[in-house]
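Data first, discussion second: the structure below is written as C-alpha cells.
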Amino acid sequence: HPTRDDVVGVDGEDKEMLAAQAKARDSLMRFVKAVQKREKGKRYLLKVKLSEGDDVEHVWLEPVKWNDPGLIGILAVDPVSLKTRKKGDTIAPRPSEVTDWVILSADGTKEGGFTADVIEKRKEKEKE
C-alpha cells in the first residue's frame, strides 16, 4: 500500500501464501493451547481474513484470548479498504477465517508466523 508500510498486497491465489495459511490452520490447536496457558512476557497474535463485499484483508488481532468456545481478539490496525471495521474492534473469528498465528517471546524468538515468514523471505529477495 502506498501510504502504509505495514500493509503488503498478495494475490488471493498465491500458492505459497495459501500453503502458509493452511499450515497455520493445521497447527491452530498449538496456538489455542498456548493462549489458554499464557506465559508472562509473550505476545499472542492471530491473523484473520475479513471481507466486505469484494474487499478482503488479512489483519492481525492483538491481544488474543480464549473465550470458550473460541478465540477473541482486538483488531490491532485500521484496515485499508474495509469500512465497517476499525482498530480496537473486537473480533471473534471462526477457525476457517484464521490465516496465521504467532507467539513472540521477549528474547526475540517466535513460534508460528507462517505467512509472515513468506513475506519476510520475499522482502529479503527484493533487497538482493
Side-chain angles (χ1 to χ4, degrees):
H1 190 269
T3 61
R4 293 201 24 202
D5 60 359
D6 65 330
V7 176
V8 176
V10 177
D11 185 315
E13 299 302 314
D14 185 305
K15 289 185 185 338
E16 189 177 20
M17 195 60 78
L18 291 173
Q21 292 173 15
K23 200 171 181 180
R25 276 190 294 279
D26 290 347
S27 61
L28 184 58
M29 281 311 296
R30 210 163 87 208
F31 179 78
V32 168
K33 287 176 182 173
V35 166
Q36 290 172 331
K37 294 179 174 26
R38 294 182 100 67
E39 291 181 45
K40 194 171 178 76
K42 289 191 175 185
R43 294 173 58 200
Y44 300 83
L45 294 89
L46 192 65
K47 186 187 273 187
V48 296
K49 177 181 177 178
L50 299 177
S51 24
E52 209 173 87
D54 291 338
D55 292 327
V56 174
E57 285 189 51
H58 298 258
V59 292
W60 288 102
L61 306 180
E62 184 188 28
V64 176
K65 64 182 182 179
W66 178 252
N67 186 35
D68 200 0
L71 294 165
I72 191 166
I74 304 298
L75 192 53
V77 296
D78 282 317
V80 173
S81 60
L82 306 182
K83 304 301 178 220
T84 62
R85 306 287 186 153
K86 66 184 182 317
K87 180 179 180 177
D89 284 354
T90 300
I91 309 284
R94 295 185 302 273
S96 62
E97 295 170 322
V98 172
T99 56
D100 204 353
W101 59 267
V102 68
I103 301 168
L104 302 172
S105 299
D107 65 4
T109 58
K110 74 174 180 66
E111 189 178 345
F114 309 101
T115 63
D117 288 346
V118 171
I119 291 166
E120 280 305 310
K121 184 176 77 174
R122 291 177 180 178
K123 283 181 180 178
E124 287 302 314
K125 270 189 175 172
E126 285 177 10
K127 289 179 186 176
E128 293 175 358

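Not measured: the values here are computed from a predicted model.
Between V118 and A20, the closest heavy-atom pair is CG2-CB, 3.9 Å. The minimum heavy-atom distance between S51 and L82, with the atom names listed, is C-CD2, 4.2 Å. S81 approaches E52 most closely through the heavy-atom pair O-OE1, 4.2 Å.
We find the CD1-CG distance between I103 and L46 to be 10.5 Å, quoted to the nearest 0.5 Å. We find the CD-CG distance between Q21 and D26 to be 11.5 Å, quoted to the nearest 0.5 Å. Interatomic distance, CG of L50 versus CG of L75, reported as 6.5 Å (0.5 Å rounding). Residue Y44 holds its OH atom at 10.0 Å from CG of L104, rounded to the nearest 0.5 Å. Note that NZ of K33 and NZ of K37 are 8.5 Å apart. Values are rounded to the nearest 0.5 Å.
Take R38 and apply the salt bridge (charged side-chain N to carboxylate O under 4.0 Å, His left out) test, not counting sequence neighbours, and it matches no residue. Residues meeting the salt bridge (charged side-chain N to carboxylate O under 4.0 Å, His left out) test with D89, sequence neighbours left out: K86. Every residue meeting the salt bridge (charged side-chain N to carboxylate O under 4.0 Å, His left out) condition with K110, not counting sequence neighbours, appears here in chain and number order: D117. Take E16 and apply the salt bridge (charged side-chain N to carboxylate O under 4.0 Å, His left out) test, not counting sequence neighbours, and it matches K121, R122.
In the hydrophobic cluster analysis, where Ile, Leu, Val, Met, Phe, Trp and Tyr join through side-chain heavy atoms closer than 4.5 angstrom, I91 is grouped together with L71. L61 and M29 fall within the same hydrophobic cluster, defined by Ile, Leu, Val, Met, Phe, Trp and Tyr side-chain heavy atoms under 4.5 Å apart, directly or through other members.
Between V59 and V48, the closest side-chain pair of non-hydrogen atoms falls below 4.5 Å. Here the side chains of V32 and W66 are in contact, with some heavy-atom distance below 4.5 Å.
For residues 62-71, the salt bridge (charged side-chain N to carboxylate O under 4.0 Å, His left out) pairs, not counting sequence neighbours, are R43-E62.
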Output a table of donor-acceptor pairs, distance under 3.5 Å, between side-chain atoms of residues 92-101 and any protein atom two or more places apart or on a different chain; print 'none' if there are none.
| unit_1 | atom_1 | unit_2 | atom_2 | d |
| --- | --- | --- | --- | --- |
| R94 | NH2 | E97 | OE2 | 3.3 |
| E97 | OE1 | R94 | N | 2.8 |
| T99 | OG1 | K47 | O | 3.4 |
| T99 | OG1 | H58 | ND1 | 3.2 |
| D100 | OD1 | G113 | N | 3.4 |
| D100 | OD1 | F114 | N | 2.9 |
| D100 | OD2 | F114 | N | 3.2 |
| D100 | OD2 | T115 | N | 2.8 |
| D100 | OD2 | T115 | OG1 | 2.6 |
| D100 | OD2 | A116 | N | 3.3 |
| W101 | NE1 | A24 | O | 3.2 |
| W101 | NE1 | S27 | OG | 3.1 |

